[in-house]
Amino acid sequence: MTVIATVSLFIGTRGSWTNAMAVHPWIAGIISVCYAAILVAGVLACTVRGRRALTRVDAGVLATALLLMACRYALHHAGVDEGVLTAQAATAIDHGRPIYDQPWPWLFHGTGIGITKTMGGGADYTYGYPPLAPLLTAPVHLLVHSTAAATMVSTGALAAGTVLLWLLLPAPWRSAATAVCLGFDLLPQYAREGYPAMLAFALLVPVVVRWTDTGAGGRLGRYGVLRAVCLGAACASQQLAWFFTPFLLVALYAVRRGELGARGPRGALAVTARYTGIALASWGVLNAYFAAQDPRGWLHGILLPLTQKAIMHGQGVVDISNYFTDGSSRLDFYSYGSSLLLLGLLAATCLFVRRLGPAITILPWASFYFATRSQDGYFLMLTPLWLAALATVPGSAFARAWQPRLPARLRGRRAKAAVAAGLLAPAVLCVSVAAASSPPLTMKVTPKMALAHHGFVSVTVRVTNNASTALTPHFASRNGQGSSDWWTIESGARTLRPHASATYRLTPPGGYREFPPHSPLYLTAFTDNPMTITSSLISSKGAPPRGAQPGPPEDGGASPQARSNP
């Protein structure tokens, strides 16, 4: 395990050294020292004798990983949209202003920072996370007047969570914590970008480590109270913790009820209720000021990721409609499927906690695979918790856990598998409906070419609404994954009535769009009520060959220097 952690530190280190040598040679020098430390640790891992000596090597590997993380932070700490919004929310707190339902579009215009676009043709410029991250960032922002204040907090949270996990794990697993948290440069990248989920990770470490001991004997004790406080604080940091909490509570009740014997139901319910109540109180204290300041804005803000109707993105099954077919008229069914999968997995955990209990730190994230937003960050940002549960909660801890008694005919292995499949079937059915649905619009796209350029200045689109409901389309282009900024509708009906047709004239962002050299370009139409997507190929047939002498675009279009790529 020590050798694996040591090898993981090589990943991405050369790129950091190369960048540092160009701008901050002294950081490159520190990274060179880290290379030496990695080599020494590898040798020692293979040659030292005794558990105590190997623990010292593990501590050296952790220290090297933390130093590398600090070097990378010094090189790149500007943050992405999460970090920028957190820093702005911290500024608002410092000045006594609300942080929710406050649009800050100037943070993104002309900065190159990505923004979450919504199906209604707009974008979300507001803060949409619980308030703990800006609360912790606010005092730092008084000293560091930039986005670095937010990324400093998230990076510090990752470092603290890693050290805490390293200390709490059994000695043979400690270097695994170093590899999972800091190796491979996965989580440190999210921390440098300012993701509040790093706070949730750090706070959930004490919650997950040996979680089956919580409430043992029917008493929470000091450590149980601390765990509950940390759980509430994690839920006040980022919404991912919300999805984990019901699985934890269900499994905790089952373990305690099985342990407490005759007084199991009442005792397990009492200890689980106390644990939940303390967590809710912790969450409430951290949210109280913002809820009192603007109740409606606060509620809308913390629920925003669930209600904003962001355009599809990610690596889940929504890719079928987004990339592999021409679209779907029932995108909402992906959301229904995601919710049903979460409920189905929770029900399966209740029924089969002895088998599924060890996996409660993994099961909640499976629901995101069916969602319209299924990007891999939802899966990997809390992966250290998988290790925390695996290393500290043995399968034997669930041997006596309570689970509902099934009818005799459902106690066989095949019958249980059928029950589990039945719990998940509604989610699969919903996703199948979404994936199999045809696009609601028919689009025929004709680009208006720019002379002597391999691109166009506008497109004319004949659109027919095949649906039985009125639709308001918004247009963007796609080359590979993701979508461009919204295109401007120069002419055309704002809303298409059922089975009606209209001709739209659209211009791309910047007034010019170049055809990509080796991949197709698609025009995509989105609607938000209902959520639908339609894609149509923009043909480059008739475009001038590459290498032609540059000349001005037709009709006063934008120059090539003003091109805007998605």
Side-chain angles (χ1 to χ4, degrees), residues 118-120 240 243 246-247 305-352 356 359 362-379 410 413-443 464-471 473 476 478 480-483 498-499 520 522 524-537:
T118 56
M119 299 288 288
L240 284 176
F243 294 85
F247 286 83
L306 307 178
T307 61
Q308 68 186 165
K309 293 188 175 181
I311 64 171
M312 300 92 70
H313 179 66
Q315 293 74 39
V317 292
V318 73
D319 287 354
I320 296 173
S321 300
N322 204 10
Y323 302 120
F324 300 114
T325 67
D326 291 334
S328 171
S329 59
R330 292 182 171 86
L331 290 180
D332 290 300
F333 277 77
Y334 284 116
S335 298
Y336 303 154
S338 177
S339 300
L340 288 172
L341 180 59
L342 184 72
L343 294 175
L345 291 171
L346 184 60
T349 302
C350 293
L351 293 176
F352 310 113
L356 296 179
I362 307 175
L363 287 172
W365 324 127
S367 63
F368 288 103
Y369 195 74
F370 280 10
T372 54
R373 300 284 287 186
S374 55
Q375 55 196 29
D376 59 357
Y378 297 139
F379 311 134
L410 297 179
R413 181 175 298 179
R414 291 184 179 179
K416 289 180 179 178
V419 171
L423 293 173
L424 305 182
V428 175
L429 179 61
C430 283
V431 169
S432 300
V433 169
S437 297
S438 58
L441 305 176
T442 300
M443 301 195 302
T464 301
N465 181 4
N466 304 311
S468 57
T469 183
L471 298 176
R478 173 177 64 79
Q481 68 88 31
S483 294
H499 308 294
Y522 293 91
T524 306
F526 298 90
T527 68
D528 67 338
N529 190 23
M531 288 178 60
T532 73
I533 181 174
T534 304
S535 298
S536 181
L537 180 68

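Since the structure is predicted, the reported quantities are computational estimates derived from the model, not experimental observations. Just so you know, residue 1 is the first one in the sequence shown, and it goes up from there.
Between the side chains of Tyr323 and Ser535, no donor-acceptor pair is found at a separation under 3.5 Å. For the residue pair Thr532 / Thr527, a side-chain donor-acceptor distance below 3.5 Å is found, with atom types taken as modelled.
Although no hydrogens or angles enter the test, the distance criterion places no donor-acceptor pair under 3.5 Å between the side chain of Thr118 and the main chain of Lys309. Checked by atom type and distance alone, the side chain of Ser536 pairs as donor or acceptor with a backbone atom of Met443 at under 3.5 Å. Asp332 places no side-chain N or O within donor-acceptor distance of the main-chain N or O of Tyr336, the cut-off being under 3.5 Å. Side-chain atoms of Ser335 never come within 3.5 Å of backbone atoms of Leu331 as a donor-acceptor pair (strictly under, hydrogens ignored). Within the 3.5 Å criterion, the main-chain N or O of Pro439 finds no donor-acceptor partner in the side chain of Ser329.
Ser328 places none of its side-chain heavy atoms less than 4.5 Å from the side chain of Phe333. For the pair Met119 and Met312, the minimum side-chain heavy-atom distance is below 4.5 Å. Counting heavy atoms from C-beta outward, Asn466 and Leu441 have side chains that stay 4.5 Å or more apart. Proximity of Ile320 to Tyr334: side-chain heavy atoms (C-beta onward) are separated by under 4.5 Å at one or more points.
Shown here for Pro520 and Leu537, the closest heavy-atom pair between the two residues is CB-CD1, 3.6 Å. Here the shortest heavy-atom pairing between Ile533 and Pro440 reads O-CD, 3.7 Å. Between Leu471 and Pro530, the closest heavy-atom pair is CD2-CD, 3.8 Å. In this structure, Ser374 and Val318 approach most closely via the heavy-atom pair OG-CG1, 3.9 Å.
Ring geometry for Trp365 against Phe368 counts as parallel: the plane angle stays under 30°, on a 0 to 90° scale with 60° as the upper cut.
Atom CG of residue Leu345 and atom CD1 of residue Ile362 lie 12.0 Å apart, to the nearest 0.5 angstrom. With values rounded to the nearest 0.5 angstrom, Asn529 atom CG is found 7.5 Å from Thr469 atom OG1. Rounded to the nearest 0.5 angstrom, Thr349 OG1 and Phe247 CZ are separated by 5.0 Å. Between Leu351 atom CG and Leu423 atom CG the span is 6.0 Å, to the nearest 0.5 Å. Atom CG of Asp326 and atom OG1 of Thr442 lie 9.5 Å apart (nearest 0.5 Å). Between atom CD1 of residue Ile311 and atom CZ of residue Arg478 there is a gap of 11.0 Å, rounded to the nearest 0.5 Å.
Legend: residues meeting side-chain contact (heavy atoms from CB on, under 4.5 Å) with Ser338, ordered by chain and number and at least two apart, are Ser367, Phe370, Ala371. Scanning for side-chain contact (heavy atoms from CB on, under 4.5 Å) contacts around Gln375 gives His313, Gln315, Arg373, Tyr378, with sequence neighbours left out.
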